[in-house]
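Here the structure comes first, spelled out in structure tokens, and everything after it is commentary.
Computation of the quantities below employed the complete heavy-atom set of this structure, encompassing side-chain atoms and omitting hydrogens, waters and symmetry-equivalent molecules.
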Amino acid sequence: MRKQDAAGVETALDRLRKRAMSLFNIPSSYRLMIEDGERHKKGNATFLWVKPDSEEGIAVTFSSEGKLLEFTQDVPDEWDHRPVLPVDELRRRAEQFVSSHDPKALEAFSHVTVTTEKNGIWVHFRQEALGLPLPLSGCRVKVHRSGAVTDFTYFGVQPLPETPARLVEEAVCERFLENDVTLTLVLKLLPESVFAGGGGTWRLVYEPEPVCLTFSAETGPQAKAAADEENVNWLPLSAEAVSACEQGVESLEELIGIDPVHYERIQQTALFAAENQTAVVWGRSDRVSQEPDRQERSIEEFFRRRQEERAVMARIDANTERLMSFWWWEEEAGTLRLSREECLERAVSFLRRAVPELLPLLELASDVPDEGGDERREREHFRFRVRRGGIPCEPGFLFVTVHSSTGRIERFSGLDAPPNGLIQAPIIPALPPREALRRLREETVFRLQWERCRDGGQSLYRLQYAAVHKESGLPVRLVDACSGEVICERRHG
């Protein structure tokens, strides 16, 4: 019986694989790396084809009934040199794609929103209730500016929520904003992909508390229990640690500790294109990459093989190769028995080479005490925060992990943006908090929206009042402490 079941699965996979190759014109030169008929234990079938000697790929997932659930294809560099199509044409192609896979979808998912990005548009087709869109319903499509569909996700038809018996008035939320919201001064990085007009710059801003001004439409704002304060002492680095000199770093490999004799770059791929980030992967020079057999094409086996082939991965600035983060996958054992203090010295020495501009601004968390005696942990983890003039920075944490038997820096996570912008940003506000809060109130209105949440393991929709900008309709998040501009978050869902 089991053999018959396995044969049936293979037959279904064969049929769906051929369908995917026909629908999406998979080039015959691409290698089939994943062929998995048990994704998420739901019987969904997932396929991944990868271009030889490249990380470019095409991924397709069907339901057990053969319905398209997901489609993704990487954007080749040459597409960016094609003519740019107008937004109306890109939207038409999104509608055409959806209709070709589900002829009734455009009727069922009648609420349509279009979000324009640097390299194309996202089109969301959703269900409605009370004239408002239901999050995570319907489907979404990304169309490259050249007209090619690059991403598709099907969320499906969701049960319509019940209309609440009563709603509080908007004035209840407005009074809360006026009387109960407080502002905190923060140096914050504003990625353009997250904040409208952010420009990827560091700015001195006022952030409201609560941060997310979204309240139940049935009860209005509710008093929240005070959050437990983190019991951590933050200690500035010593003057000796800050002023010590390090030998200049010649390359990214030298900074990470990669021996070019035994390792080589095997992958370099753009990440988060709007943020100019690149992923770099190193593998052993003597590694052997083999075409997987059919029995080895599951998603689990695919990632196991990739981890075996990869030794180190790093994120870098695409323009300057400034190191943002890295981690070693390859295990290594040594004969050293470094104490936590000795590991800390190595961590700080690394930071002097990687982010010398930030050393005077760093404080070390003292929440991991030394175990003392002859006991040694295999790895020591260190957490640092960045502050300027007593003002917190967001994002503002750095993490370093040191292996106590080798002294190697095994993991590092730093800031995504160049530190010079943080150092040059103003730290004295031009507006007092009272004036900033007044401007926030003037620019804010409360509008109803559905929010999806979980209750007892079930997904439910609840009606909420959300604070949005009175003109753009985008969620309000911050106030510029120098200009008084109300800064909004972009919508992605």
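For E209, the salt bridge (charged side-chain N to carboxylate O under 4.0 Å, His left out) test picks out no residue, with sequence neighbours left out. Partners of F215 by ring pair (Phe, Tyr, Trp, His ring centres under 6.0 Å), not counting sequence neighbours, listed by chain and number: F176. Residues passing the side chain to side chain contact (heavy atoms under 4.5 Å, CB included) test with P27, sequence neighbours excluded: S29, Y30, I58. Every residue meeting the side chain to side chain donor-acceptor pair (under 3.5 Å) condition with S325, not counting sequence neighbours, appears here in chain and number order: R315. Looking at residues two or more places apart in sequence or on another chain, you find a side chain to side chain donor-acceptor pair (under 3.5 Å) between E443 and H469. Taking the ring pair (Phe, Tyr, Trp, His ring centres under 6.0 Å) definition, one finds that F47 meets it with W49, sequence neighbours left out. In terms of the ring pair (Phe, Tyr, Trp, His ring centres under 6.0 Å) criterion, residue partners of F412 (sequence neighbours excluded) are, by chain and number, F350. Annotation: ring pair (Phe, Tyr, Trp, His ring centres under 6.0 Å) contacts of Y154 (sequence neighbours excluded): none. Every residue two or more places apart in sequence or in another chain that forms a salt bridge (charged side-chain N to carboxylate O under 4.0 Å, His left out) with R203 is listed here: D480, E485. Residues passing the salt bridge (charged side-chain N to carboxylate O under 4.0 Å, His left out) test with R379 are E331, E410, sequence neighbours excluded. Listed by chain and number, the residues in a salt bridge (charged side-chain N to carboxylate O under 4.0 Å, His left out) with D80 are R145 (sequence neighbours excluded).
Annotation: side chain of V402 is not in contact with side chain of R408 (no heavy-atom distance under 4.5 Å). Side-chain contact check for R322 versus P418: some heavy-atom pair is nearer than 4.5 Å. Looking only at side-chain heavy atoms (C-beta outward), L398 and V355 come within less than 4.5 Å of each other. With a 4.5 Å cut-off on side-chain heavy atoms, L415 and W202 count as touching. Contact of the T115 side chain with the R490 side chain is not registered, since no non-hydrogen atoms from C-beta on lie closer than 4.5 Å. Residues W234 and L364 form no side-chain contact, since every pair of their non-hydrogen atoms from C-beta on lies 4.5 Å or further apart. Residues V468 and L474 are not in side-chain contact: their nearest non-hydrogen atoms beyond the backbone lie 4.5 Å or more apart. Here the side chains of L134 and R126 are not in contact, with every heavy-atom distance at 4.5 Å or above.
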Checklist entry - Does the side chain to side chain contact (heavy atoms under 4.5 Å, CB included) test come out yes or no for R340 and L344, once each step is laid out? => result CA-CA 6 Å; R340 180 168 174 81; L344 176 59; 5.5 Å; no
Next on the checklist: With side chain to side chain contact (heavy atoms under 4.5 Å, CB included) as the criterion, how do L69 and N44 come out once you've worked through the C-alpha distance, each side chain's angles and the decisive distance to 0.1 Å?
Outcome noted: CA-CA 9 Å; L69 300 180; N44 296 343; 3.6 Å; yes
Checklist entry - Given the rule in the side chain to side chain contact (heavy atoms under 4.5 Å, CB included) test, do W122 and V141 qualify, once you have shown the distances and angles that lead to the verdict? => result CA-CA 6 Å; W122 280 100; V141 188; 6.0 Å; no
Item to check | I487 and R477: CA distance, side-chain angles, deciding distance, side chain to side chain contact (heavy atoms under 4.5 Å, CB included) verdict | outcome: CA-CA 6 Å; I487 300 168; R477 287 292 180 261; 5.8 Å; no
Checklist entry - Does the side chain to side chain donor-acceptor pair (under 3.5 Å) test come out yes or no for S137 and R452, once each step is laid out? => result CA-CA 10 Å; S137 68; R452 191 169 179 176; over 6 Å; no
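Closest heavy-atom contact between F62 and L16: CE1-O, 3.5 Å. Residues L185 and A481 come closest through the heavy atom pair CD1-CB, 3.8 Å. Minimum heavy-atom separation, Y461 to Q158: OH-CG, 3.5 Å. Here the closest heavy-atom approach between residue L189 and residue G200 is recorded as CD1-O, 3.6 Å. For the residue pair P419 and L358, the shortest heavy atom distance occurs at CB-CD2, 3.8 Å. Considering every non-hydrogen atom in both E56 and P76, the closest pair reads OE2-CA, 3.8 Å.
Under the 3.5 Å distance criterion, the side-chain polar atoms of S404 are matched with a main-chain donor or acceptor of E378. Of the possible donor and acceptor atoms, one in the side chain of R387 sits under 3.5 Å from a partner among the backbone N and O of G390. Side-chain atoms of E70 never come within 3.5 Å of backbone atoms of V60 as a donor-acceptor pair (strictly under, hydrogens ignored). Put simply, the side chain of R140 never gets that close to the backbone of F155: no donor and acceptor are under 3.5 Å apart. In this structure a side-chain-to-backbone donor-acceptor pair under 3.5 Å is present from D74 to G57. No side-chain donor-acceptor contact under 3.5 Å links Q73 to the backbone of A59. Within the 3.5 Å criterion, the main-chain N or O of E345 finds no donor-acceptor partner in the side chain of S349. Side chain of S366 to main chain of N233: a donor-acceptor pair is present (N/O by atom type, distance under 3.5 Å, no hydrogens or angles).
To the nearest 0.5 Å, atoms CG (D317) and CG (L323) are separated by 10.5 Å. Note that CG of L338 and OG1 of T406 are 8.0 Å apart. Values are rounded to the nearest 0.5 Å. Between the OG atom in S413 and the CZ atom in F326 there is a gap of 10.5 Å [rounded to 0.5 Å]. Expressed to the nearest 0.5 Å, how far CG of N119 lies from NE2 of H144 amounts to 5.0 Å. To the nearest 0.5 Å, the span separating CD on E192 from CD on E117 amounts to 10.5 Å. A distance of 7.0 Å separates CZ of R352 from CG of L359, quoted to the nearest 0.5 Å.
The one candidate from V280, I256, V281 that meets the side chain to side chain contact (heavy atoms under 4.5 Å, CB included) condition with V312 is I256.
With hydrogens and angles left out, the side-chain atoms of S285 and H262 include no donor and acceptor closer than 3.5 Å.
Judged by a 6.0 Å distance limit and a 45° cone about the ring axis, R411 is not positioned over the six-membered ring of W328.
Salt-bridge formation is detected for the pair R284/E330: a Lys NZ or Arg NE/NH1/NH2 atom is positioned less than 4.0 Å from an Asp or Glu carboxylate oxygen. A salt bridge links R265 with E321: the closest approach of a Lys/Arg side-chain nitrogen to an acidic carboxylate oxygen falls below 4.0 angstrom. One finds no salt bridge joining R462 and E451 here, because no Lys/Arg side-chain nitrogen approaches an Asp/Glu carboxylate oxygen to under 4.0 Å.
Classification of the F384-F382 ring pair by plane angle, with boundaries at 30° and 60°, yields tilted.
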Which side-chain N or O atoms in residues 420-436 pair as donor and acceptor under 3.5 Å with protein atoms at least two apart or in another chain?
| unit_1 | atom_1 | unit_2 | atom_2 | d |
| --- | --- | --- | --- | --- |
| E435 | OE1 | R438 | NE | 3.0 |
| E435 | OE2 | R438 | NE | 3.4 |
| E435 | OE2 | R438 | NH2 | 2.6 |
| E435 | OE2 | R439 | NE | 2.9 |

